[in-house]
**Q** 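I am attaching a structure below and will ask some questions about it afterwards.
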Amino acid sequence: MFQPEAKYEFIRRYCPPCTGWVVFVDIDASEEGKTGGARKTAEAKEQQMQMQRDAVSAMTNLRASGVAVREKRTDWFAKHKLPRISGDRDIIAFHRESGRCVVAELEAVSSGQAEQKVYKAVGQIVSAATATGPDGWATQFVLVVHG
């Protein structure tokens, strides 16, 4: 499972908009298989094509469920009158009724070295956790690893 699909599955299971969550997800071009040089092997080319197909499907599912994808982060916070979370976080979700906020960093299958990607995600979630959380919200920091 590639990053966009893993993000969709996490949101679907733990903070779905249909249950009151307001969710922003960051999916960058590398997670869509749109960066890097020309793939040299047939296996690498097929992985890139599958990554691109899966990204389109995941983003379609995310949007259909009410998740903000490809929106400007600052505009999203303002639009929903939510406190700003600093940094480029993979998933930000707020549940007004319960006063909960989830900040998640996620790693899944990619062409990069798995250990390096996990270490980076750990660093990002530690960085997020050391920043001042939004006042009045019970904030949870989550590291999600798949694959």
Side-chain angles (χ1 to χ4, degrees), residues 1-77 80 82-95 98-134 137-147:
M1 184 180 310
F2 298 109
Q3 300 251 130
E5 185 179 1
K7 289 176 182 181
Y8 168 67
E9 288 299 329
F10 175 82
I11 293 164
R12 187 178 70 79
R13 292 177 183 165
Y14 299 107
C15 49
C18 65
T19 63
W21 289 93
V22 180
V23 185
F24 178 94
V25 65
D26 180 45
I27 297 176
D28 63 39
S30 68
E31 295 170 347
E32 293 182 72
K34 293 183 176 180
T35 60
R39 304 313 196 260
K40 295 180 173 138
T41 66
E43 181 181 320
K45 289 175 185 176
E46 176 54 36
Q47 182 181 25
Q48 181 184 30
M49 290 174 54
Q50 186 63 47
M51 186 181 283
Q52 291 171 351
R53 286 190 297 269
D54 287 358
V56 169
S57 174
M59 289 191 300
T60 299
N61 290 335
L62 285 162
R63 285 185 181 112
S65 68
V67 174
V69 180
R70 292 273 190 241
E71 290 187 23
K72 188 175 177 186
R73 192 179 306 265
T74 54
D75 292 348
W76 180 80
F77 286 117
H80 294 285
L82 292 167
R84 190 173 184 283
I85 304 290
S86 63
D88 293 335
R89 307 298 167 216
D90 284 340
I91 298 169
I92 300 169
F94 287 90
H95 194 274
S98 65
R100 291 172 49 209
C101 172
V102 171
V103 178
E105 292 294 337
L106 187 139
E107 289 301 330
V109 175
S110 70
S111 59
Q113 184 179 2
E115 295 84 0
Q116 185 179 25
K117 305 281 274 174
V118 171
Y119 293 147
K120 180 182 175 195
V122 168
Q124 289 172 327
I125 203 68
V126 167
S127 173
T130 58
T132 303
W137 295 87
T139 306
Q140 298 171 303
F141 298 93
V142 182
L143 176 63
V144 182
V145 179
H146 181 273

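Hydrogens, waters and symmetry mates are skipped; everything else that's a heavy atom, side chains included, is used.
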**Q** Are the side chains of Pro134 and Ile85 in touch, meaning some heavy atoms are under 4.5 Å apart?
**A**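 Yes - at least one pair of side-chain heavy atoms lies under 4.5 Å apart.
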**Q** Kindly assign one of parallel, tilted or perpendicular to the pair Phe77 and Phe94, based on the angle between their ring planes and the thresholds 30° and 60°.
**A**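 It falls in the perpendicular class, over 60°.
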**Q** Can you tell me how far CH2 of Trp21 sits from CD1 of Ile11, rounded to the nearest 0.5 angstrom?
**A**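 Going from CD1 on Ile11 over to CH2 on Trp21, the span is 11.0 Å.
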**Q** Rounded to the nearest 0.5 Å, what separates atom CG in Asn61 from atom OH in Tyr8?
**A**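 Result: 4.5 Å between the selected atoms.
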**Q** Taking all heavy atoms of Ala6 and all of Met1, pick out the closest pair and write down the distance.
**A**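 So the two residues come closest at CA-SD, 3.4 Å.
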**Q** Which heavy atom of Glu31 sits nearest to which heavy atom of Asp26, and what is that distance?
**A** OE1-O, 3.6 Å
**Q** Side chains of Ser30 and Met51: closer than 4.5 Å at any heavy-atom pair?
**A** no
**Q** To check you understand the geometry: which heavy-atom pair defines the closest contact between Cys15 and Val23, and what is its length?
**A**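 For Cys15 and Val23, the tightest heavy-atom pair comes out as O-CG2, 3.3 Å.
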**Q** Would you mind reporting whether Trp76 and Leu82 have side-chain heavy atoms less than 4.5 Å apart?
**A**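 A side-chain contact under 4.5 Å exists here.
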**Q** Does Thr60 reach the main-chain N or O of Val56 with its side chain, forming a donor-acceptor pair under 3.5 Å?
**A**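 Flag set: sc Thr60 to bb Val56 pair under 3.5 Å.
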**Q** Specify the closest pair of heavy atoms between Ser98 and His95, including all atoms of both residues, with the distance to one decimal.
**A** OG-ND1, 2.9 Å
**Q** Would you compute the distance between atom CZ of Arg73 and atom CZ of Phe24 and round it to the nearest 0.5 angstrom?
**A** 4.0 Å
**Q** Could you tell me the separation between the CD atom of Glu46 and the CZ atom of Arg39, rounded to the nearest 0.5 Å?
**A** 12.0 Å
**Q** Working to the nearest 0.5 angstrom, can you tell me the gap between Asp90 CG and Lys7 NZ?
**A** 3.5 Å
**Q** Can you see which heavy atom on Asp54 is nearest to which on Glu5, and at what distance?
**A** OD2-OE1, 3.9 Å
**Q** Is the shortest side-chain heavy-atom distance between Ile27 and Leu62 below 4.5 Å?
**A**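 Yes. Closest side-chain heavy atoms under 4.5 Å.
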**Q** Measuring from His146:NE2 to Gln3:CD, what's the distance to the nearest 0.5 Å?
**A** 11.0 Å
**Q** Determine whether Val102 and Tyr14 satisfy the following criterion, side-chain contact (heavy atoms from CB on, under 4.5 Å), listing intermediate values before the conclusion.
**A** CA-CA 10 Å; Val102 171; Tyr14 299 107; over 6 Å; no
